[in-house]
Amino acid sequence: MKVFISGNIAPIGLKQLEENNIEVTQWKENRQITSEELIEACQNQDGLISVGPNKINADFLNACKHLKVIALHSVGFDQVDVKEANKLDIAIGNTPGVLSGATADTAFLLMLAVSRKAFYLHKKILKGEWKNYEPTPELGIELNGKTLGIFGMGKIGLEMAKKCIGAYQMPVIYHNRSNNEEAEKAIGAKYVSFEELLAQSDVLSIHTALTDETKDKFNLDVFKQMKREAIFINTARGGIHNEHDLTEALEQGIIWGAGLDVTNPEPMSADNPLLNMENVAVLPHIGSATQETRNAMAEIIVKNILAGIKGEPLPHQVN
Ligand code: 8YV
């Protein structure tokens, strides 16, 4: 059986594929594979391990109908045309659960960094601007007892909420399509309407999938309904906030700060104005980028591939 990998996965995954006699071809170039190259590379393969933002759209799926399984190196599957995959009977696997802690850590890191202007002040040192001690300018804000709003209370949102409660006793409110009883029971999270979430959150952290419903959801109108002292955090997908509107909201002081692990587009251009703002922290989509999590993701990917090429249901199948 043959599998193409469109990037790098943790060595443990490669080892397990080899132990299971899977013949692996891997994209080794230091750039993202193009759609045409991906189609070409998948021609005589049984499965694909899709690493990074490859578009698994109708064109790709129809050109690669013969694939039995596509194992994503992500929990998110917004890049996949799931309906088309269903029509063509191609199993799509993802990696849920194992990256919740690492992604929540990234959200927490960004929240704290924004609250103390950490990335901005660090850049000032690099520019030789740490001159003398000045007690008042560029002050941060404290998080203790502030209200955390979670948009999309799933596994990652719950992890973020637990960290915020543990560190800062933050009361937690959330908005979802439906109640998350586990979160309500486990941490006393309170379900609120979207409008209440905006009006009451001191920190609003996004943990939902990118869908037609959530695309551009956080736009200027929405930022205007948030508190002026609010911090907006997005570790989910850049498409959920409108980057132009977020920039305007920050420039005009409509909200206080923002921490982003995801941008739109990715990579973010080096001259993006958000990168020079005092109350902004941006990371290059590192949510799941720890050794432990990437190992665990690779192991799930292998399980998904092995099941898929045998025509069995995947342990983590999205369709
Ligand atoms: C990945 C992610 O790093 O799981 C997700 O949805 O965004 C990240 O874990 C990314 O998809 C690269 O494969």
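Each ligand, and each atom within it, is numbered from 1 in the order the structure gives. Everything numeric here is computed off the predicted structure, so don't read it as measured data. Side chains included, hydrogens not; waters and symmetry mates left out as well; all remaining heavy atoms used.
Using a heavy-atom distance under 4.0 Å as the criterion, the protein contacts of ligand 1 are G52, H73, S74, V75, G76, L99, R237, H285, S288, R294, M297.
Side-chain N/O atoms of E195 and Q225 include no donor and acceptor closer than 3.5 Å. For the residue pair D245 and N219, no side-chain donor N or O sits within less than 3.5 Å of a side-chain acceptor on the partner. If you check the side chains of E142 and Y168, you find no donor sitting under 3.5 Å from an acceptor. Side chain to side chain, N54 and S6 meet the donor-acceptor criterion of an N or O pair below 3.5 Å.
Rounding to the nearest 0.5 Å gives a distance of 4.0 Å between CD1 of I56 and OG of S50.
For an aromatic pair to be called close, the ring centres must be under 6.0 Å apart, and H207 with F151 fails this.
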